[in-house]
Amino acid sequence: MTTVLFAFVLLAAVASFVLARQRAVSVVGGEVSALHSRPSFHGLYSGLWVLMAGIGAVILLTIVPNFFIDRALMGQIAAALPDDPRIAHQLVLSDAKALASGEIASKTDDLRLEIAAKYSSSAGLWNWVRVIMVVGGAVLAAFMTLGAISPDRRARNRSETIIRFILAGMATIAILTTVGIVMSLIFETLNFFNKIDWQLQKFLFGTTWSPLSGVHEGKLDADKVGAIPLFAGTLMITMIAMLVAVPVGLFAAIFLSDFASRRVRSVVKPMLEILAGIPTVVYGFFAAITVAPFLRGSGEAIGLTVASESALVAGIVMGIMIIPFISSLSDDVINSVPQSLRDGAYGLGATKAETMRQVVLPAALPGIVSAALLGFSRAVGETMIVVMAAGQGANLTANPFEAVTTVTVQIVMLITGDTEAETAAGPAFTLGFTLFCVTLLMNFAAQRLVRRYRELYD
Amino acid sequence: MFDNEKAERDAGVTETKISAKGVQVFYADNHAIKDVDVDIGDKTVTAFIGPSGCGKSTFLRCLNRMNDTIDVARIEGQILLDGEDIYDRRVDPVQLRAKVGMVFQKPNPFPKSIYDNVAYGPRIHGLAKSKADLDEIVEKSLRRGAIWDEVKDRLQSPGTGLSGGQQQRLCIARAIATQPEVLLMDEPCSALDPIATDQIENLIHELRQSYSVIIVTHSMQQAARVSQKTAYFHLGNMVEFGDTSDIFTNPIDPRTESYISGRIG
């Protein structure tokens with residue numbers, strides 16, 4: 001029913017657009033230049049009002065009556081079954097709704113049938129009210145705007161105002177969502193700290209991570225939520241990844257921007273960008289199934305013990321994943337160093353390598369550093385590769401051949417494990433919040449560097 | 001009775017520094033320079049004038065092989081520097097550019113300190129034996145660039161922080177520091193105000209004592225003020241070449257005449 005109503009509103013909006021446009025033309029007897037706004041703006045203005053009135057009515061009259069009907073019926077159920085918990089009342093209500101629409105309910109009794117009858121009568125009534133209000137609202141909006149069309153009417157300015165409000169509304173949704181996520185992170189983090197009696201230092205500096213083994217009467221054992229092994233593992237894998245990605249990515253960028261011929265560049269650059277298009281889950285099983293056995297085999301050949309899940313495997317593959325990221329950002333930065341600087345160096349008799357090393361790279365350095373920082377924050381937040389290739393046990397070690405775990409892996413384990421959500425959410429959200437802070441800081445630093453760089457050359 | 005300037009001019013004509021024969025330049029399919037022959041004297045200022053797009057900058061860039069850095073550029077003909085073909089396969093463009101310095105239209109100091117900007121050339125070519133040596137080269141170059149007094153107290157501050165005119169004089173000092181034999185200047189004053197222009201013109205007079213200077217300019221007054229020889233370019237052809245005083249007072253080609261009198265260009 002709601003879909004039909006939406007379709008009706010859309011059709012009405014299109015119809016009022018066409019009608020208003022025609023009417024605007026006929027009001028001035030075809031002399032379109034006598035209108036303040038062009039006919040299509042009159043159409044747009046009318047159409048926008050119909051759309052807003054219709055959709056507004058649909059949304060409002062779907063949510064509000066449902067809320068009141070449910071509240072009234074819950075009241076009646078509670079009066080009939082005063083001893084049952086609230087969850088039982090909700091079950092009765094959903095059974096009654098199912099009965100009313102002819103579906104299968106968990107149980108059928110007199111109370112449920114009675115509630116079902118009441119529900120269908122009031123729901124039916126509200127449905128008709130809704131149809132009439134929506135159709136009436138849309139038609140009313142169409143007639144009001146159509147009637148007001150005159151040569152002097154500023155339909156363009158008015159529609160632009162409406163559109164500006166719609167755009168602002170969309171931007172607000174995006175911002176509010178972000179704010180909501182951050183708020184929930186903060187709230188759950190505080191909740192978690194409360195559960196460990198505000199012993200923050202035990203979370204930040206403790207070395208034993210086993211948060212679910214110490215649950216006791218809603219409190220967590222503060223000695224078992226030490227996140228240092230997680231931070232250490234994350235840091236080690238990220239460092240290995242950066243050791244792979246920064247040199248390879250940077251040198252690839254230097255080659256592509258200043259040394260490759262146009263033909264080589266036109267082949268290699270898209271190839272590098274394909275790397276960026278591979279889903280991280282593919283990198284994950286590539287690491288676990290291909291790279292890990294290879295490294296273990298080669299380690300054995302030279303007498304090293306490499307665990308089948310290790311920081312090294314995850315770090316290397318993660319580094320490969322970040323290469324295109326760093327190379328394409330660095331490439332942009334190196335290309336944006338003005339040609340006049342290169343000419344200046346060549347004009348003094350500098351070779352290509354000298355020009356690159358002594359003039360272009362120093363000029364591009366802030367941009368390259370910010371590319372590396374962005375790569376770093378991607379590596380810190382990367383999940384799939386480490387879940388599959390790094391290991392799960394919170395193992396505090398400096399040996400890259402051993403399995404370590406990362407912040408993201410532990411979040412995945414907490415949320416997908418079979419512990420009830422309420423207990424697992426605390427540590428998971430806190431880890432998430434820590435990650436969020438680190439990434440935010442990195443991105444912020446990178447953006448500042450890039451801005452400073454832009455000031456120099458624009 | 002003895003005309004000093006005349007003697008100087010004659011000396012310039014007899015000692016040829018650069019000799020171009022039948023030079024053609026193509027940018028992809030565009031024929032930018034058509035069959036240019038010119039002899040450029042040592043210790044002389046030669047001006048290239050002509051309307052925009054006539055090929056004077058392109059020809060200038062042939063003289064130190066800067067066009068090599070453009071993929072689609074192709075050069076035919078012969079350019080001799082002291083009798084040696086600079087497009088010969090044995091010639092290294094990097095060494096050539098150390099001998100034929102260049103100053104660009106827009107000041108392009110490196111994002112380094114003033115000192116490092118000037119010291120860049122001597123460093124890459126190993127011209128200084130010691131730190132004191134390098135200091136001396138830097139000071140001498142900055143003095144000859146007529147900017148020493150303005151920057152001597154802040155040699156370590158960035159060259160990009162100077163004003164436009166100062167940056168251009170810094171770039172000239174940087175070009176001089178490699179001790180070139182020829183200095184190419186591509187509209188060096190087009191971004192400068194009259195005062196800075198005057199300083200740079202005085203500088204060019206100064207440089208003529210030791211170098212062959214070739215300057216591309218849009219300002220005919222400037223060409224008349226600074227040069228002894230002038231070449232007029234038109235649509236990729238070098239229409240006329242001769243003593244500056246002759247070109248400006250008594251041009252032979254009608255195209256030169258209409259450009260100089262302001263009818264075209």
Side-chain angles (χ1 to χ4, degrees), chain A residues 250 254-269 330-371 448-458, chain B residues 57 60-61 63-72 92-113 116-127 158-161 167-168 170-180 182-186 191:
Chain A
L250 184 56
I254 290 173
F255 172 71
L256 284 180
S257 65
D258 277 62
F259 290 89
S261 70
R262 194 176 297 202
R263 263 182 54 205
V264 173
R265 186 182 160 87
S266 70
V267 177
V268 176
K269 204 166 157 66
S330 306
D331 188 37
D332 290 347
V333 182
I334 291 173
N335 272 327
S336 69
V337 171
Q339 181 62 30
S340 70
L341 277 187
R342 293 182 171 87
D343 281 349
Y346 293 145
L348 290 173
T351 62
K352 246 183 164 172
E354 282 165 344
T355 306
M356 175 51 72
R357 203 174 64 236
Q358 295 163 351
V359 175
V360 177
L361 281 186
L365 194 64
I368 292 168
V369 171
S370 85
R448 284 203 56 156
L449 275 170
V450 169
R451 203 174 311 145
R452 192 166 353 138
Y453 173 75
R454 285 214 181 104
E455 278 165 7
L456 196 56
Y457 288 115
D458 274 359
Chain B
S57 291
L60 191 76
R61 290 168 66 93
L63 299 180
N64 68 342
R65 294 185 60 173
M66 278 300 279
N67 285 327
D68 288 15
T69 59
I70 301 166
D71 288 343
V72 293
D92 180 0
V94 167
Q95 281 175 328
L96 172 72
R97 288 180 202 138
K99 265 198 270 182
V100 183
M102 188 159 189
V103 175
F104 297 84
Q105 183 173 359
K106 230 181 92 197
N108 55 354
F110 303 138
K112 298 170 180 286
S113 71
D116 286 340
N117 260 285
V118 181
Y120 185 79
R123 274 190 183 133
I124 57 175
H125 297 299
L127 298 180
T160 44
Q167 288 191 4
Q168 191 63 303
L170 175 66
C171 291
I172 293 174
R174 184 177 72 186
I176 299 169
T178 44
Q179 296 162 15
V182 180
L183 193 60
L184 310 176
M185 301 179 121
D186 189 357

Enquirer: Quick one: what part of B:Pro180 sits under 4.5 Å from any heavy atom of chain A, side chain, backbone, both or neither?
Expert: neither
Enquirer: What option among B:Val94, B:Asn64, B:Thr178 has the most heavy-atom pairs under 4.5 Å with chain A?
Expert: B:Val94
Enquirer: Just wondering, more than 12 heavy atoms not from B:Lys106 lying within 6.0 Å of its NZ?
Expert: no
Enquirer: Would you mind telling me which of B:Met102, B:Arg97, B:Arg174 makes a side-chain contact (heavy atoms from CB on, under 4.5 Å) with A:Leu348?
Expert: B:Arg174
Enquirer: Please look at B:Val100 and chain A and tell me whether the side chain, the backbone, both or neither of the residue comes under 4.5 angstrom of a heavy atom of that chain.
Expert: backbone
Enquirer: Chain A heavy atoms under 4.5 Å from B:Lys112: which part of the residue, side chain, backbone, both or neither?
Expert: side chain
Enquirer: State, with a plain yes or no, whether a side-chain heavy atom of A:Arg342 is found less than 4.5 Å away from one of B:Thr69.
Expert: no
Enquirer: State which residues pass salt bridge (charged side-chain N to carboxylate O under 4.0 Å, His left out) with B:Asp68; sequence neighbours excluded, sorted by chain then number.
Expert: B:Arg65
Enquirer: Nearest heavy-atom pair of A:Ala350 and B:Tyr120: which atoms, and what distance?
Expert: CB-OH, 3.7 Å
Enquirer: Under the side-chain hydrogen bond (donor to acceptor under 3.5 Å, both in side chains) test, which residues partner B:Asp116, sequence neighbours left out?
Expert: B:Ser113, B:Arg123
Enquirer: Can you confirm whether B:Asp71 sits close enough to A:Ser261 that some side-chain heavy atom of one is under 4.5 Å from a side-chain heavy atom of the other?
Expert: no
Enquirer: Which heavy atom in A:Leu341 sits nearest to a heavy atom in B:Pro111, and how many Å separate them?
Expert: CD1-CD, 3.8 Å
